[in-house]
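Quick notes on the structure that follows.
Below, all heavy atoms of this structure are taken into account, side chains as well, without hydrogens, waters or symmetry copies. Numbers here simply count residues along the sequence, with the first being 1.
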Amino acid sequence: MDYKKQIAITSRVNSNLISLAFSEPKVTIFLQDFIRIPMAKACSLLLLLVFAVSVASVVGSHGSHGSKLSPEYYKSTCPEALSIVEARVEAALNKEPRMGASLLRLHFHDCFVNGCDGSILLDDNPVFAGEKTAAPNNNSARGYDVVDDIKAELEKACPGVVSCADILAIAARDSTVVLGGPSWKVKLGRRDSTTASKNAARKFIPAPSFNLSSLIISFHAQGLSVKDLVALSGAHTIGLARCTSFRARAYDDSNINSSFAKSLRRRCPRIGRDNVPRSLDLRTPKYFDNFYFRNLLKKKGLLHSDQELFNGASTDSLVKKYAANSSSLTIALGSLASLLWDIANGQLSPDYYSSTCPQALSIVKAEVAAAIKNETRVGASLLRLHFHDCFVNGCDASLLLDDNSTFVGEKTAVPNNNSARGFNVIDNIKARLEKACPRVVSCADILAIAARDSVVQLGGPSWKVRLGRRDSTTASRSAANTSIPQPTFNLSALISSFSAQGLSIKDLVILSGSHTIGLARCTSFRSHIYNDSDIDPSFANSLRQICPRNGSDNVLAPLDRQTPTSFDSLYYENLLDKKGLLHSDQELFNGNSSTVELVKKYAANTKSFFKEFAKSMIKMGNIKPLTGNAGEIRINCRKAN
């Protein structure tokens, strides 16, 4: 089939599929027509990750994910960038269809080693041994010449503008379209690494010889769950693998169909013929269907790592589930929709600890409930800790670090000093988690879960917390002083502060609704009650009784005078009555139409506020998370390991 025709057909089919999928997320949709994949090269175990991440970019393109990438990054600096890459990729695939899989694989192998930074493209030099000769790539990774051609043309058109890392991402998308997959808006703006690591590539890219435990650990390091492992391994329904990848299985494994093993041995002797290929899926190697899983049920997985998914372990039920579907392409959308969103959002996932610490969520929930029962106010304190952490260099638990000889931390910054609290509750949670699952659950994730559980305990909405953050090893008081919004901020300053974190005006209004619980000190609202005109006079007078112009700085007043210990929407009603406690609160309802209408909306509709608050909390919780190999999992949240 002509590739241009195939692009038109598959784009139409898949755009309809995606549209239906995410309008009905609880149904399973079957694509009834077989899509022929013109690919004759084995993909790595995680090649499908590229597809999943890319589709997620379509689904989650309305939100900021902390990375500050944008589909329109080159709109003004190199408007022809996308068309140049598309044309070159199409030309390469018309010449050699196999190249599509190779370009996809390059993007995956690049991203899985210290992030999507173009490091896989670097040749060795006197300073480092690069990734090209690492075991997963040596004599295997290909397509470099196509990337070189694309880069050369882009340099002529827009010198020094488009990164190699972005070329890989765009080429992966364009290759997927030609191979029968969907199109999506690629988020752009990556920059290129100046170094590469052969050792890191060898360490972090899963090998075909991995057992189930190694696979789980490998996926877990990238923020992927056991369920993700099984689903993404289904990419082996297409493509080929070399003899060197399945030899040990054909000769040494016991969990293999005997006739299947014999057929493999005929093609792949114990010594020699390393590069002889074999289909990963015996039945339909050029179709994307579910026969891969059926093969596993019959002990006919080509790779040891494949068959490990169906070998008497926790993954068996998932293999059976996917094998039971009979259409050529099956997507269990109830779980996949969540998976796609999670991967797009910094590789965080609600199921991150499902296998490594299944009791994590229940431990945090119990400790938060006990703490709030002891002191209701601490719910607001825990929620505030998560906010103040995320606004300073991302959600990395830097706020929890005590000062040391290397840095002055965030606890004594103006927005936190004698104000931020709840650290002891976090300590208690961490201590219990370390007993149950040593060095597994990060302090950053504890903050995110505790914030959600606090809101629920006080009557607010619940949401699935995306997990998999890692902890920073440093903190910055100066960054906290400049990045955390102040109670004296006017609307313009608030909008700028939130925008710097990738949060919209709508997020600003919604997240400010957290002031429906908790207390504020006199020093935070003194200026508002004595100097502002947009305040109810009787309300101002009542506050002046407890907060004089001088002194009594630490006297407390509820942010929501009506229901200070209940999470509801009365905060917005207060703003309508000019009874916002802080200057920054009342600024949301002070004549600016962009925020006034939102305040009115949420004052009138608690259900709408709850729904939007959950979404904005998820969005805020994904501000620049440390994932993969960045940061660490602290043993003690107050200090780096």
Would you call [X] and [Y] a side-chain contact if the rule is heavy atoms closer than 4.5 Å?
X	Y	answer
Leu399	Val392	no
Trp463	Lys611	no
Ser362	Gln359	yes
Leu491	Leu508	yes
Asp507	Gln501	no
Leu385	Phe423	yes
Val441	Ile429	no
Arg421	Glu375	yes

At their closest point, which heavy atom of [X] faces which heavy atom of [Y], and how far apart are they?
X	Y	answer
Cys637	Ile446	SG-CD1, 4.5 Å
Ser569	Thr516	N-OG1, 4.5 Å
Val599	Leu588	CG2-O, 3.6 Å
Leu576	Ala603	CD1-CB, 3.7 Å
Tyr73	Leu188	CB-O, 3.6 Å
Gln486	Pro415	NE2-CG, 3.4 Å

Does any N or O in the side chain of [X] come within less than 3.5 Å of the main-chain N or O of [Y], such that one atom is a donor and the other an acceptor?
X	Y	answer
Asn490	Glu587	no
Asp396	Leu626	no
Glu410	Ala475	no
Arg466	Ile618	no
Thr482	Ala479	yes
Gln586	Leu575	yes
Arg439	Ile635	no
Asn541	Pro537	yes
Asp389	Ala397	yes
Ser616	Phe613	no

Please evaluate residues Tyr352 and Asp445 with respect to the criterion side-chain hydrogen bond (donor to acceptor under 3.5 Å, both in side chains), reporting the C-alpha separation (whole Å), side-chain torsions for both, the decisive distance (0.1 Å), and the verdict. CA-CA 10 Å; Tyr352 189 80; Asp445 277 348; over 6 Å; no
Under a plain distance cut-off of 3.5 Å, with no hydrogens placed, do Arg469 and Ser442 share a side-chain donor-acceptor pair? no
Distance-only donor-acceptor check, side chains Ser472 and Thr474, under 3.5 Å: no
Got a second to check how far [X]'s [atom1] is from [Y]'s [atom2], nearest 0.5 Å?
X	Y	atom1	atom2	value
Arg173	Lys185	CZ	NZ	10.5 Å
Glu612	Tyr602	CD	OH	4.5 Å
Leu458	Asp568	CG	CG	10.5 Å
Tyr572	Asp560	OH	CG	11.5 Å
Cys522	Ile529	SG	CD1	6.0 Å
Asp453	Leu361	CG	CG	7.5 Å

Side chain to side chain contact (heavy atoms under 4.5 Å, CB included), that's the test. Do Arg452 and His386 meet it? Break it down for me. CA-CA 10 Å; Arg452 187 272 310 273; His386 184 44; over 6 Å; no
Ring centres under 6.0 angstrom apart (Phe609, Tyr571):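 Centroid separation for Phe609 and Tyr571: 6.0 Å or greater.
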In a check of salt bridge (charged side-chain N to carboxylate O under 4.0 Å, His left out) between Asp402 and each of Lys639, Arg634, Lys411, which one passes? Lys411
Does atom CZ (Arg191) have a neighbourhood of more than 12 heavy atoms from anything else shown, all under 6.0 Å?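 Open: at most 12 neighbouring heavy atoms sit under 6.0 Å from CZ of Arg191.
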One pair to check against side chain to side chain contact (heavy atoms under 4.5 Å, CB included): Leu467 and Ile449. What are the steps and the verdict? CA-CA 9 Å; Leu467 303 168; Ile449 303 167; 3.7 Å; yes
Show your working on side chain to side chain contact (heavy atoms under 4.5 Å, CB included) between Cys547 and Val555 and close with a plain yes or no. CA-CA 7 Å; Cys547 180; Val555 169; 5.7 Å; no
Passes salt bridge (charged side-chain N to carboxylate O under 4.0 Å, His left out), Glu597 versus Lys601? Steps please. CA-CA 6 Å; Glu597 293 307 313; Lys601 174 183 176 181; over 6 Å; no
In Leu215, Thr356, Ile216, the residue satisfying side-chain contact (heavy atoms from CB on, under 4.5 Å) with Val226 is Ile216
Should the ring pair Phe498 and Phe391 be called parallel, tilted or perpendicular, given that the plane angle runs from 0 to 90° and is split at 30 and 60?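 Ring orientation, 0 to 90° scale: perpendicular.
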Should Lys578 and Asn590 be marked as a side chain to side chain contact (heavy atoms under 4.5 Å, CB included) after you check the CA-CA gap, both sets of side-chain angles, and the distance that decides it? CA-CA 9 Å; Lys578 294 187 177 183; Asn590 192 22; over 6 Å; no
Should the pair Arg477 and Phe407 be classed as cation-pi, given the thresholds of under 6.0 Å to the six-membered ring centre and 45° from the axis?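 Judged by the rule (NZ or CZ under 6.0 Å from the ring centre, within 45° of its axis), Arg477 is not positioned above Phe407.
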